[in-house]
Chemist: 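Below: one structure in structure tokens.
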Protein chains: 2
Amino acid sequence: MDIEVLRRAPLFTTLSDEVFSALTEELTEVDLSRGASVFREGDQGDQLYFIVSGKIKLGRTAPDGRENLLAVLGPGELFGEMALFDPSPRNATATAVSETRLAGLRHENLRKVLKTSPEVSVQLLQALARRLRRTNESLADLVFSDVPGRVAKALLDLADRFGRPATDGVLVAHELTQEELAQLVGASRETVNKALAEFVQRGWLRLEARAVVILDIQRLRQRSR
Amino acid sequence: MDIEVLRRAPLFTTLSDEVFSALTEELTEVDLSRGASVFREGDQGDQLYFIVSGKIKLGRTAPDGRENLLAVLGPGELFGEMALFDPSPRNATATAVSETRLAGLRHENLRKVLKTSPEVSVQLLQALARRLRRTNESLADLVFSDVPGRVAKALLDLADRFGRPATDGVLVAHELTQEELAQLVGASRETVNKALAEFVQRGWLRLEARAVVILDIQRLRQRSR
DNA sequence: GAGACGATGTGACACCTTCCACAACGATAG
DNA sequence: CTATCGTTGTGGAAGGTGTCACATCGTCTC
């Protein structure tokens with residue numbers, strides 16, 4: 001188990017070495033390949049997960065089968081925390097977007113940590129507050145922006161979190177298909193594809209396999225408002 | 001200050017009498033009339049609020065002036081908690097929908113309580129988790145449902161929280177204008193008005209001044225899916 | 001290399017929703 | 001009582017998006 005990533009995660013940086021090592025004893029390692037699910041909507045579950053490496057998408061399925069992504073999370077981020085405090089079934093499905101390694105923590109073990117080091121609860125509160133803020137943001141975007149605007153915003157957000165400087169811009173290896181990107185912004189694949197094509201045609205982007213290179217971040221940012 | 005409502009609120013029910021009375025010493029009373037704001041988007045603020053009586057809407061404003069409601073909250077509910085843990089400006093404006101009385105609690109005072117009774121942090125975590133769950137729900141609705149469906153859903157939700165049995169159905173005194181209801185479901189006032197008119201015409205609803213009476217909750221529920 | 005299959009690119013059309021326009025209604029102030 | 005202003009009720013045009021339909025491309029397998 002690669003504990004370095006965990007040590008650096010906000011939730012644990014404040015912990016003393018002793019508490020932290022006691023905690024790592026309790027962690028369960030989970031490995032997933034693309035498309036594999038950690039849990040599904042409706043499941044019972046009381047486990048909290050940290051992403052050690054890879055990416056996880058949180059999605060919901062409508063009765064008619066359509067899907068919608070709530071978030072795409074990367075290394076260092078956590079999910080499944082709601083099950084710990086709001087005792088109802090999982091309200092989303094968590095699926096690996098790429099090869100992914102997780103560390104799982106059971107409710108009872110987290111309890112122990114919360115007892116011995118209450119500052120962890122503040123960290124958890126912060127994590128939840130941030131997530132709520134992001135979700136509120138997405139909600140406002142859905143109401144205010146058109147599809148191209150939401151695509152631009154999603155790309156910028158992905159760039160912030162997964163982007164790496166390249167020779168001619170920022171490489172965003174999001175590892176999502178256009179179908180998944182469409183589910184993330186709440187639109188059809190076709191419309192997203194046309195939005196992307198327009199951005200490419202304007203010279204703001206270059207498309208690669210499950211990745212984009214942002215060439216003109218200024219214009220893209222302007223279009224996202 | 002009417003402390004009965006606070007005593008019953010989930011956040012405080014677990015507190016001992018001593019801790020609770022120490023806490024109430026720290027509360028600030030705030031009275032608002034319809035349209036008055038507690039805080040605005042972009043404000044700095046480190047206060048958490050409980051609704052003693054009345055209703056509060058949390059809204060966001062787009063650069064072009066359009067508005068969008070994140071939630072409408074009633075007695076016993078709390079808001080403004082994100083400012084405590086995610087140290088950035090308010091990302092929403094809180095406005096009274098009717099005559100409203102609030103109890104405000106400053107960050108430093110909450111800290112004190114968290115120290116002496118850590119179970120409060122679990123309650124706060126639960127409150128945030130519930131809110132996140134609700135927001136995720138709204139997000140999915142925006143993607144999956146058409147405007148009439150979202151209106152039906154919003155009415156059912158308001159009925160759950162503010163409804164009272166009446167002679168011929170459930171009276172929902174939401175106190176919102178159709179404009180506000182439209183902002184809540186993320187649609188234009190006109191479209192919402194037409195959806196309501198259709199429901200009335202089908203005999204599912206009766207409209208009253210800033211209220212509705214739900215006559216056929218079954219059909220309405222069916223339409224909301 | 002030949003299929004096969006998933007992912008991507010693109011056009012046409014239908015439909016829902018917004019936007020604009022205007023009428024009707026109700027409460028409040030003078 | 002009347003004028004005003006916010007709210008509600010409705011119709012029609014314009015525009016964005018989803019759906020459908022197919023072509024193209026790439027990768028993996030045999």
Side-chain angles (χ1 to χ4, degrees), chain A residues 33-35 57 62 64-69 95 97-98 141-155 173-202 205-213 223-224, chain B residues 33-35 57 62 64-69 95 97-98 140-155 173-202 205-213 223:
Chain A
S33 48
R34 173 171 170 86
K57 61 176 180 180
D64 63 5
R66 282 179 300 167
E67 281 208 45
N68 158 41
L69 298 186
T95 307
V97 172
S98 55
D141 291 344
L142 270 174
V143 174
F144 294 138
S145 308
D146 58 6
V147 175
R150 302 206 296 272
V151 170
K153 201 157 229 166
L155 291 178
H174 53 65
E175 308 188 81
L176 302 171
T177 65
Q178 291 187 0
E179 176 71 50
E180 289 169 322
L181 189 56
Q183 292 167 350
L184 183 60
V185 303
S188 72
R189 180 194 63 82
E190 293 90 331
T191 308
V192 169
N193 178 285
K194 285 162 191 169
L196 287 172
E198 192 199 311
F199 293 163
V200 169
Q201 192 258 317
R202 288 177 189 271
L205 289 183
R206 190 153 41 78
L207 296 186
E208 301 193 354
R210 284 179 189 170
V212 299
V213 177
R223 182 61 180 86
S224 79
Chain B
S33 47
R34 175 173 169 83
K57 61 175 179 180
D64 63 4
R66 282 179 302 167
E67 281 207 46
N68 158 41
L69 298 186
T95 307
V97 172
S98 56
D141 291 343
L142 269 174
V143 174
F144 294 138
S145 308
D146 59 4
V147 176
R150 301 207 298 271
V151 170
K153 202 156 227 167
L155 291 177
H174 53 65
E175 309 187 80
L176 302 172
T177 64
Q178 291 188 358
E179 175 73 49
E180 289 170 322
L181 189 56
Q183 291 167 353
L184 183 60
V185 303
S188 71
R189 181 194 61 83
E190 294 91 328
T191 310
V192 169
N193 178 285
K194 285 162 191 169
L196 287 171
E198 190 199 312
F199 293 164
V200 168
Q201 193 258 318
R202 288 178 189 270
L205 288 184
R206 190 153 43 76
L207 296 185
E208 300 194 353
R210 284 177 187 172
V212 299
V213 178
R223 183 60 179 88

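So you know, we letter chains A, B, ... as the sequences are listed, proteins then strands, and number each from 1. Values below: all heavy atoms of this structure, side chains included; hydrogens, waters and symmetry mates excluded.
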Chemist: Reading DNA chain C from 5' onward, which residue's closest nucleotide shows up sooner: A/Arg210 or A/Thr191?
Modeler: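 The residue whose closest nucleotide sits nearer the 5' end is A/Arg210.
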Chemist: Regarding A/Asn193, tell me which of base, sugar-phosphate or nothing describes its non-hydrogen contacts under 4.0 Å with the strands shown.
Modeler: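 Base, at least one base atom sits under 4.0 Å.
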Chemist: Specify the separation, in whole Å, of atom CG of B/Leu142 and atom P of C/dT18.
Modeler: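 Spelled out: CG on B/Leu142 to P on C/dT18 is 11 Å.
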Chemist: Suppose we call a contact any N or O donor and acceptor under 3.5 Å apart; does that hold for the side chain of B/Glu190 and the base of C/dC19?
Modeler: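 Per atom types, no contact qualifies.
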Chemist: Looking at every strand, decide which applies to B/Ala209 at a 4.0 Å heavy-atom threshold: base, sugar-phosphate, or nothing.
Modeler: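 Nothing, no nucleic acid heavy atom in range.
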Chemist: Should B/Asn68 and B/Gln183 be marked as a side-chain hydrogen bond (donor to acceptor under 3.5 Å, both in side chains) after you check the CA-CA gap, both sets of side-chain angles, and the distance that decides it?
Modeler: CA-CA 5 Å; B/Asn68 158 41; B/Gln183 291 167 353; over 6 Å; no
Chemist: Can you work out whether A/Arg150 or B/Ala197 has the more 5'-proximal nearest nucleotide on DNA chain D?
Modeler: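 Its nucleotide being nearer the 5' end, the pick is B/Ala197.
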Chemist: How many whole angstroms separate atom CZ of A/Phe144 from atom P of C/dC19?
Modeler: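 Those two atoms, CZ and P, are 11 Å apart.
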Chemist: How many whole angstroms separate atom CG of A/Asp146 from atom P of D/dG18?
Modeler: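 It works out to 11 Å between those atoms.
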Chemist: What is the distance from CD of B/Gln178 to P of C/dT18, rounded to the nearest Å?
Modeler: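 So the two atoms are 14 Å apart, to the nearest Å.
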Chemist: Please give, in whole Å, the distance from D/dG16 P to A/Glu198 CD?
Modeler: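 Distance check: A/Glu198 CD to D/dG16 P gives 11 Å.
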Chemist: Roughly, in whole Å, what's the span from CD in A/Glu208 to P in C/dT8?
Modeler: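 After rounding, the gap between these two atoms is 13 Å.
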Chemist: So that I can tick it off, tell me whether B/Arg210 and B/Glu179 are bridged by a salt bridge, with the cut-off set at under 4.0 angstrom between side-chain N and carboxylate O.
Modeler: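 B/Arg210 and B/Glu179: not salt-bridged.
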Chemist: Expressed as a whole number of angstroms, how long is the span from B/Phe199:CZ to D/dG9:P?
Modeler: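 Whole-Å distance recorded here is 14 Å.
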Chemist: Measure the distance from CD on A/Gln183 to C1' on D/dG18 and round it to the nearest whole Å.
Modeler: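 Whole-Å distance recorded here is 15 Å.
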Chemist: Using a strict threshold of under 4.0 Å (side-chain N to carboxylate O), is an ion pair present between A/Glu190 and A/Lys194?
Modeler: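 Here A/Lys194 does not pair with A/Glu190 in a salt bridge, since their nearest N and O are not under 4.0 Å apart.
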Chemist: How do B/Pro148 and B/Arg189 order along DNA chain C: which one's closest nucleotide is nearer the 5' end?
Modeler: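 Its nucleotide being nearer the 5' end, the pick is B/Pro148.
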Chemist: Would you mind classifying the nucleic acid contact of A/Ser188 as base, sugar-phosphate or nothing, using non-hydrogen atoms under 4.0 angstrom?
Modeler: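 Here A/Ser188 touches the bases of the nucleic acid.
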Chemist: Within a strict 4.5 Å, meaning less than it, do heavy atoms of the B/Leu196 and B/Leu155 side chains meet?
Modeler: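 Counting from C-beta outward, B/Leu196 and B/Leu155 do come under 4.5 Å.
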Chemist: So do A/Phe199 and A/Val212 actually touch side chain to side chain, heavy atoms under 4.5 Å?
Modeler: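 They are not in side-chain contact.
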Chemist: Please confirm whether any donor atom in the side chain of A/Lys194 sits under 3.5 Å from an acceptor in the base of D/dG16, or the reverse.
Modeler: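 Result: no qualifying N/O pair found.
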